[in-house]
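Below: the structure, in structure tokens.
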Amino acid sequence: MPSYDPAKSEPHWQAAWDRANAFTAVRDAARPKYYVLEMFPYPSGRIHIGHVRNYTMGDVIARYKAACGFSVLHPMGWDAFGMPAENAAMERGGHPKTWTYDNIAVMRDQMKPLGLSIDWSREFATCDPEYYGQQQSMFIDFMEKGLVYRKNAVVNWDPVDMTVLANEQVIDGKGWRSNAPVERRELTQWFFRISDFSEELLEALDRLENWPAKVRLMQENWIGKSRGIEIPFHRTDGGAPILCYSTRPDTMRGASFIAISPEHPLAQALAADNAELATFIAETRKMDTTEAAMEKAEKKGLDTGLTVTHPVDPGLKLPVWVGNFVLMDYGTGAVFGCPAHDQRDLDFAHRYGLAVRNAFYLPGNEVEVGDVALVPAKTEKVAYIDHFAGIGVATSQEGIDATIGYFETRGLGQGQVKYRLRDWGISRQRYWGCPIPVIHCDACGVVAEKKENLPVRLPDDVSFDIPGNPLDRHPTWRDCSCPRCGAKARRETDTMDTFVDSSWYYARFTAPHAATPTVMAEAEYWMNVDQYIGGIEHAILHLLYSRFFARAMHICGHLPERAIEPFDALFTQGMVTHEIYMTRDARGRPVYHLPEDVEGGKVRATGQAVTVIPSAKMSKSKKNVVDPVDIIHKYGADTARWFVMSDSPPERDVEWTAAGAEATFKHLGRVWMLCERIASLPDDKPGKGDDDLIRAMHRAIHEVTQTIEGFAFNKSIAKLYEFTNAIQKSDAAKATQRQAMMVLAQLMSPMVPHLAEDIWAHQGGAGLVAETAWPRADPAMLVDDTVTLPIQINGKRRAEIVVPRDLPAAEVEKIALADDAVIRFLAGQPVRKLIVVPGRIVNVVV
RNA sequence: GCCCGAGUGGCGGAAUGGUAGACGCAGGGGAUUCAAAAUCCCCCGCCGCAAGGCUUGUCGGUUCGAGUCCGACCUCGGGUACCA
């Protein structure tokens with residue numbers, strides 16, 4: 001009797017699917033299409049369990065939809081540009097291109113044994129010149145439509161390595177290699193005008209009904225629409241007024257100072273002949289560029305000596321400070337400080353001895369602010385203190401609206417709607433990215449490369465032995481002639497942010513080898529992505545950039561209008577985690593151990609007991625990693641696939657456990673044994689309980705279908721366990737058992753496609769499960785004749801009764817009150833209220 | 001700092017505001033076996049001899065009824081614009 005042997009059968013079925021071209025996406029006008037896409041991987045070198053989970057989820061959907069009759073597109077590619085390739089070149093020598101393509105080859109070889117229903121004929125990497133050349137072509141289109149511009153922006157500058165650092169390369173304000181304090185430095189950089197789309201990107205979120213609410217909320221907050229006011233504060237020295245932006249003008253009475261950004265032109269100008277201020281501004285530059293660093297840094301400032309007149313209380317003069325917490329990028333780069341109603345302003349005021357004045361109190365609690373700022377919700381009523389606009393007790397929102405009206409009618413300020421969303425800086429001073437197809441000419445200025453010269457290819461002859469951008473010091477690549485006047489010119493040496501690459505790959509998959517970015521007929525048929533699947537870490541940047549990029553592509557004629565929201569449905573899956581095993585060395589430093597080196601709480605080699613640290617995201621440094629290749633080698637792909645889908649809801653993290661994988665393998669073996677047992681039954685075996693098995697089968701079809709549709713694969717698997725147990729216990733006729741077994745194979749096929757084919761073939765099924773229509777449940781087989789109703793007394797469950805499904809409530813009441821247990825618990829007390837929820841529960845209130 | 005989530009037995013988890021703990025893992029008992037593996041059957045939240053009581057991170061609220069809704073908090077995770 002052959003036992004379950006995935007090592008033999010999995011390659012067999014993969015070859016069979018290939019021969020049948022089962023997964024080649026075909027544009028078929030006669031059938032509805034379904035485009036399922038998982039976020040493509042970065043080719044780091046090896047696949048990890050997180051990839052297995054991500055791609056198995058997509059595969060379950062793809063195989064299920066194919067069985068439901070859809071023409072399915074399920075492609076795969078590589079997000080292949082990025083820093084790690086350059087870091088590898090710096091650390092180990094070699095070339096980013098070699099490193100990247102070698103990694104892709106390894107990962108493709110690791111991925112194929114998973115048996116994913118991917119159309120590999122559409123594969124590409126973003127570092128293929130055929131891909132990035134089309135991206136350059138679109139960049140030029142964007143330039144023509146005014147979607148691109150250049151401006152100055154700050155970067156993290158490593159003064160020792162003389163190079164720009166990514167945020168993750170800055171550790172505690174210092175460069176990761178040089179350990180030198182990082183400086184903020186301005187460079188001229190390329191930007192996409194995403195902020196022109198702020199309102200549209202915000203407003204369109206409402207229509208993304210099949211996106212998680214949390215992602216829409218995160219994007220809404222990120223875009224950050226606010227209504228405020230711009231108010232010019234007039235300088236007492238007669239200089240140009242300082243324009244401040246505020247979303248809380250109702251607190252104007254409490255204004256006690258003005259704070260401007262160190263990058264504000266006024267601050268810069270004053271610093272020219274104010275050494276103390278110049279030093280202060282230089283100090284504020286020694287901070288990295290992240291928002292978190294800015295927000296967490298101690299609030300510091302310097303008095304410029306200038307004063308302004310309070311706009312509604314001309315007798316009051318407010319000092320002008322430079323504050324390290326004022327962002328030049330948001331609003332006007334200048335704010336008024338109201339310490340009483342803003343904790344950061346209050347801290348600042350206390351530090352520098354500035355005035356604190358309430359603009360309002362909580363009604364009936366007229367207490368001046370001390371150490372804690374009074375910041376009630378905008379919907380809460382407050383009592384304004386002799387407010388210039390004549391407001392008394394009102395909500396802050398009412399106060400804001402009234403104040404803006406007051407300022408506008410008197411010409412003191414202008415109401416403004418602003419967005420937090422900033423334009424997308426795409427310039428990177430790095431080699432391994434898509435070159436920006438632009439040329440700098442002394443005579444013509446900035447000129448786009450001619451499209452017939454695309455792609456602007458990355459030169460291969462570069463070295464990484466010194467820090468900085470090799471393109472910038474390349475002997476010949478930089479030098480070129482101006483496409484307009486033919487004079488000597490310089491090529492742009494910035495490359496594009498890798499988020500650009502991933503902002504349109506979904507569109508490219510619809511025509512992956514075309515000589516234009518997209519082909520309209522293909523895009524018309526395949527777009528949009530019906531189901532997009534990926535990590536929650538991409539909730540804001542990648543998804544927002546893609547939404548912008550699709551709009552820009554539409555403007556340039558590369559996508560139909562329908563595709564400006566490219567992802568109809570989004571699912572965000574959790575991580576795969578694992579326990580961490582730690583010991584300590586002689587000096588007390590932690591030493592981590594791979595799961596396979598630990599057995600029974602001890603290090604296998606030394607017998608040393610390990611400390612178990614609760615599950616965390618798998619990482620190489622903590623050695624809590626499980627290699628899918630090992631798992632497939634030991635148990636087969638189906639075990640890996642079933643396990644990652646089985647335990648946790650897909651949107652949550654799942655913990656990989658060796659015991660769980662072992663148990664999965666055993667279960668699949670049991671299913672195979674059951675299949676063999678049924679096949680070997682005598683054909684004329686008499687049946688008992690055939691109807692029960694048929695009912696269980698229809699219930700399983702219904703429930704598995706529902707749970708797959710609802711992305712609750714862990715529940716699909718629980719239902720499959722139940723159905724398997726029902727078959728196992730059944731004594732039905734052979735034909736009935738065989739029918740149940742074949743339906744089980746179909747229902748399991750999205751998760752464990754190889755085993756499903758084995759079962760199907762063994763039961764004499766025709767063709768491939770992969771090409772068989774999804775089974776349908778008979779609704780008549782799903783309803784039960786009776787229901788069990790729990791009976792509560794005062795909300796506590798005390799008894800239960802079994803009644804016909806459609807029994808009227810009045811009859812249910814009678815039966816419930818006549819129940820022995822109910823009589824006992826009531827002990828003669830009068831019934832005050834009786835609640836009967838049909839088919840659900842009875843609650844007796846005494 | 002700010003924005004967004006998550007928290008239920010020994011473990012992963014299930015539960016349209018209606019029997020908390022489906023399904024699985026681990027554990028315990030039994031059958032089979034010379035023995036073991038594999039397989040099969042039974043038990044399995046906590047306290048209690050029992051009756052019963054307690055129990056969904058903490059505290060409070062709404063409700064006939066709260067894991068689910070509301071408020072405050074705690075812990076962990078994701079993002080924070082140059083990691084991808």
Side-chain angles (χ1 to χ4, degrees), chain A residues 3 39-42 44 79 81-84 153 155-156 164-170 189 194 212-222 224 288-297 325 329 343-344 420-430 497-499 501-502 535-542 544-545 572 574-575 577 614-617 646-649 651-655 657 659-660 662-664 666-667 669-670 673 712 714-715 717-722 725 728 788-800 832-835 837 839-846:
Chain A
S3 58
M39 290 178 186
F40 64 166
Y42 179 78
S44 55
D79 188 13
F81 276 136
M83 276 199 320
V155 294
N156 300 310
V164 176
L165 298 179
N167 286 335
E168 72 158 9
Q169 295 174 319
V170 179
Q189 311 219 59
I194 188 173
K214 63 181 169 186
V215 175
R216 290 186 285 163
L217 187 56
M218 279 189 259
Q219 291 211 355
E220 183 183 327
N221 291 335
W222 185 262
D288 65 66
T289 57
T290 66
E291 187 195 329
M294 304 275 284
E295 289 282 337
K296 276 191 257 185
F325 55 91
D329 285 328
Q343 190 61 45
R344 84 162 45 165
R420 205 184 74 100
L421 179 64
R422 307 199 295 259
D423 276 334
W424 175 10
I426 62 154
S427 281
R428 296 293 179 270
Q429 293 71 42
R430 276 187 261 286
D497 177 9
T498 56
F499 273 123
D501 312 336
S502 55
I536 186 67
E537 67 272 21
H538 294 295
I540 295 173
L541 294 181
H542 162 61
L544 194 60
Y545 289 152
T572 55
M575 298 178 300
T577 63
S615 266
K617 181 176 179 171
S646 65
D647 263 11
S648 291
E651 66 275 16
R652 280 216 234 151
D653 294 349
V654 64
E655 182 179 359
T657 62
E662 181 73 30
T664 297
K666 282 185 188 172
H667 173 73
R670 279 194 294 269
M673 277 174 48
N714 57 322
K715 287 187 244 172
I717 284 183
K719 300 302 174 190
L720 288 168
Y721 272 110
E722 285 178 359
N725 291 340
Q728 189 135 33
T788 303
L789 291 184
I791 300 172
Q792 295 183 334
I793 292 168
N794 287 343
K796 283 191 188 292
R797 182 184 166 280
R798 296 300 186 186
E800 65 181 34
R832 281 204 296 132
K833 199 168 174 185
L834 192 57
I835 293 147
V837 184
R840 301 301 312 199
I841 204 165
V842 179
N843 194 9
V844 185
V845 186
V846 294

How many whole angstroms separate atom [atom1] of [X] from atom [atom2] of [N]?
X: A/Leu421; N: B/A81; atom1: CG; atom2: P; answer: 13 Å
X: A/Glu537; N: B/C4; atom1: CD; atom2: P; answer: 19 Å
X: A/Arg840; N: B/A20; atom1: CZ; atom2: P; answer: 12 Å
X: A/Asn221; N: B/A81; atom1: CG; atom2: C1'; answer: 15 Å
X: A/Gln169; N: B/A84; atom1: CD; atom2: C1'; answer: 13 Å
X: A/Tyr721; N: B/C23; atom1: OH; atom2: P; answer: 12 Å
X: A/His538; N: B/G5; atom1: NE2; atom2: C1'; answer: 17 Å
X: A/Asn714; N: B/A15; atom1: CG; atom2: P; answer: 8 Å

Using a heavy-atom cut-off of under 4.0 Å over every strand shown, decide if [X] touches base, sugar-phosphate, or nothing.
X: A/Pro649; value: sugar-phosphate
X: A/Leu217; value: sugar-phosphate
X: A/Val164; value: base
X: A/Ser427; value: base
X: A/Lys214; value: sugar-phosphate
X: A/Val837; value: base

On a whole-Å scale, what distance lies between the [atom1] atoms belonging to [N] and [M]?
N: B/G28; M: B/G79; atom1: P; answer: 41 Å
N: B/A22; M: B/G13; atom1: P; answer: 15 Å
N: B/U63; M: B/C11; atom1: C1'; answer: 34 Å
N: B/U16; M: B/G48; atom1: P; answer: 34 Å
N: B/G12; M: B/A72; atom1: P; answer: 29 Å
N: B/G10; M: B/U19; atom1: P; answer: 22 Å
N: B/C41; M: B/G9; atom1: C1'; answer: 24 Å
N: B/C70; M: B/C25; atom1: C1'; answer: 37 Å

Pairing string of RNA chain B (Watson-Crick or G-U wobble, both atom distances under 3.5 Å; | = paired to other strand) is (((((((..(((.....[....))).(((((.......))))).(((....)))..(((((..]....))))))))))))....

Are A/Glu651 and A/Lys214 ion-paired here, with the side-chain N under 4.0 Å from a carboxylate O?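 No salt bridge links A/Glu651 with A/Lys214.
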
Please determine, for the side chain of [X], which listed nucleotide ([options]) has the closest atom?
X: A/Arg798; options: B/A81, B/U19, B/G53; result: B/G53
X: A/Glu168; options: B/C83, B/C64, B/A81; result: B/C83
X: A/Met218; options: B/A84, B/A15, B/G78; result: B/G78
X: A/Ile835; options: B/A14, B/C64, B/G24; result: B/C64
X: A/Gln792; options: B/U19, B/G13, B/G1; result: B/U19
X: A/Lys715; options: B/A15, B/C64, B/A81; result: B/A15
X: A/Trp222; options: B/A22, B/U19, B/A81; result: B/A81

Hey, does the side chain of A/Thr498 come within less than 4.0 Å of B/A84's phosphate (OP1/OP2), counting only N and O?
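Yes, within the criterion.
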
Exercise. Please state whether the phosphate of B/U63, meaning OP1 or OP2, lies under 4.0 angstrom from any side-chain nitrogen or oxygen of A/Asn843.
Key: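 So the side chain of A/Asn843 is outside the cut-off, no N or O lying under 4.0 Å from OP1 or OP2 of B/U63.
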
Atom pairs under 3.5 Å: protein N/O with N/O of nucleotides 39-42 of chain B:
unit_1: B/U39; atom_1: OP1; unit_2: A/Arg670; atom_2: NH1; d: 3.2
unit_1: B/C40; atom_1: OP1; unit_2: A/Gln728; atom_2: NE2; d: 3.4

Exercise. Do you know the tightest heavy-atom contact between A/Val842 and A/Leu834?
Worked result: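 Here A/Val842 and A/Leu834 meet closest at CG1-CD1, 4.2 Å.
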
The glycosidic conformation of B/G9, counting syn as within 90° of 0 and anti otherwise, is syn

A/His667 and A/Tyr721 aromatic ring geometry - parallel, tilted or perpendicular at 30°/60° bounds:
tilted

**Request:** Assess the side chains of A/Asn156 and A/Thr289: does a donor N or O sit below 3.5 Å from an acceptor N or O?
**Result:** yes

